[in-house]
Amino acid sequence: MVPNEIINNISTSQKLADSWVETNVVPFYSTTKIRYLLVGNEVISGSPKDIWPNIVPAMRKIKKSLKTHGLDKIKVSTSMAMDVLESSFPPSNGTFRSDIADSIVRPLLQFLHRTKSFYFLDVYPYFAWVMDPKNINLEYALFESRTIKYTDPLSNLTYTNLFDQMVDSVVFAMKRLGYPDIRIWIAETGWPNAGDIDQIGANIYNAATYNRNVVKKLTAKPPIGTPARPGWVIPSLIFALYNENQKPGPGTERHFGLLYPNGTKIYGIDLSGKTPDSCFEPLPKPDNNEPYKGKIWCVAAKGVNETALSSALSYACSQGNKTCDPIQPGKKCFKPDSLFWHASYAFSSYWSQSRKTGATCYFNGLATQTAKDPSFGHCKFPSVTL
């Protein structure tokens, strides 16, 4: 994959494109099966707008370089998340966002059509369900529903799971721009096996259920496809192999793996889809499928590096809003005078003030959420109430 941050430079320089291919592809091609090369990952979702118009020019230059080296079999594409759509419901109303449809997506689809490549799509029913758990049934999101069906009023296609709905909304969006037959490759799909206290549905039971079911669907013979494309093969990648324990952000970001960082399995799964669920060990019952109600505190994690903890404490206290006033000498939360205690108060205070603007209880892995009140005597820790 060409990193997002060098797309601009490659888009204007064939020499740079050649150099990148010569360094990252050519030396490995003879012994490694390289079939697809992506130019950027979710560029529209997470990169500055000035990069967006350069995705396709960069793809063209990379494709030209591959051809020069006789590597014509390698297909070139880029990956997109669901947020490139302006409308996704009902699926037949799938429409690309007006700010990118003609300027970016149309040239992309032209390139994919001309080179017979795939549209690489990241599909996460988990995130769609989390946004609206009252109206989207969890079993429908997990491929577990036997009774819930949704019939699209415009296409009359009937859906039995959320994954198909999401994929078909992109199918219809491409059709709307005049490209009804470009194949879709699921670049990422998965479900988190754990998360923060305030993140519902992130547990081993749901993760195993979703991933086992999506594998069965995608490996079925003959191929199932989707209601809009019955019988089509949908090549796919499960995200992810390992829990990424050093990744920043909400807790779910560190818990999409099939394996723990030490290589042991989190739950049983067969990526060929052939092993019956009954052959795996029983899964722990989920206990967070309903939104958590109550208070949460953000405290320092045990056993962390003290130097790093001291720096994080300084950061939290430097943000203003009297975040750390109570832990100053002589104030009611100063004692016990320990780094762990002061950092815990500062983290809770900062998080309670800044959570609504996107702050997380993470602090580079130094903090953790707790439902147990750490307050002591006259010192009351600020909390987040859900």
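If you're wondering where the values come from, they're calculated on a predicted model, not measured in any experiment. Numbers here are sequence positions counted from 1.
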request  = State which residues pass salt bridge (charged side-chain N to carboxylate O under 4.0 Å, His left out) with Asp164; sequence neighbours excluded, sorted by chain then number.
outcome  =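 Once residues adjacent in sequence are excluded, the partners of Asp164 under the salt bridge (charged side-chain N to carboxylate O under 4.0 Å, His left out) criterion are Lys217.
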[X], [atom1]: over 12 other non-hydrogen atoms inside 6.0 angstrom:
{"X": "Phe143", "atom1": "CZ", "answer": "yes"}
{"X": "Glu306", "atom1": "CD", "answer": "no"}
{"X": "Glu290", "atom1": "CD", "answer": "no"}
{"X": "Asn364", "atom1": "CG", "answer": "no"}

Minimum heavy-atom distance [X]-[Y], with the two atoms named:
{"X": "Leu177", "Y": "Ala101", "result": "CD1-O, 3.8 Å"}
{"X": "Tyr350", "Y": "Ala359", "result": "CE2-CB, 3.9 Å"}
{"X": "Asn288", "Y": "Ala202", "result": "ND2-O, 3.1 Å"}
{"X": "Lys216", "Y": "Gly273", "result": "CG-O, 4.1 Å"}
{"X": "Ser383", "Y": "Lys295", "result": "OG-CD, 3.5 Å"}
{"X": "Trp52", "Y": "Ser47", "result": "NE1-O, 3.1 Å"}

Is a donor on one side and an acceptor on the other found under 3.5 Å between the side chain of [X] and the backbone of [Y]?
{"X": "Ser13", "Y": "Asn9", "answer": "no"}
{"X": "Lys61", "Y": "Ser11", "answer": "yes"}
{"X": "Trp20", "Y": "Ile10", "answer": "no"}

message = Which label fits Phe363 and Phe347: parallel for a plane angle under 30°, tilted from 30 to 60°, or perpendicular past 60°?
response = parallel
query = Do the ring planes of Phe120 and Phe118 sit parallel (below 30°), tilted (30 to 60°) or perpendicular (above 60°)?
reply =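 Perpendicular: the ring planes of Phe120 and Phe118 meet at over 60°.
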query = Quick one: which of Phe376, Trp341, Trp351 gives a ring-ring contact (aromatic ring centres under 6.0 Å, His included) with Phe381?
reply =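 Exactly one candidate clears the test, Trp341.
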Write out all pairs satisfying salt bridge (charged side-chain N to carboxylate O under 4.0 Å, His left out) with one or both partners inside [range], taking only residues at least two apart or from two chains.
{"range": "residues 172-193", "value": "none"}
{"range": "residues 98-124", "value": "Arg97-Asp99, Asp102-Arg106"}
{"range": "residues 226-245", "value": "Glu244-Lys247"}

For residues 309-316, please give each side-chain donor-acceptor pair under 3.5 Å, one per line with the distance, not counting sequence neighbours.
| from | atom 1 | to | atom 2 | distance (Å) |
| --- | --- | --- | --- | --- |
| Ser311 | OG | Thr307 | O | 3.3 |
| Ser314 | OG | Ser310 | O | 3.1 |

Contact list for residues 222-315, test disulfide (SG to SG under 2.5 Å), sequence neighbours left out =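 Residue pairs passing disulfide (SG to SG under 2.5 Å), neighbours aside: Cys298-Cys361.
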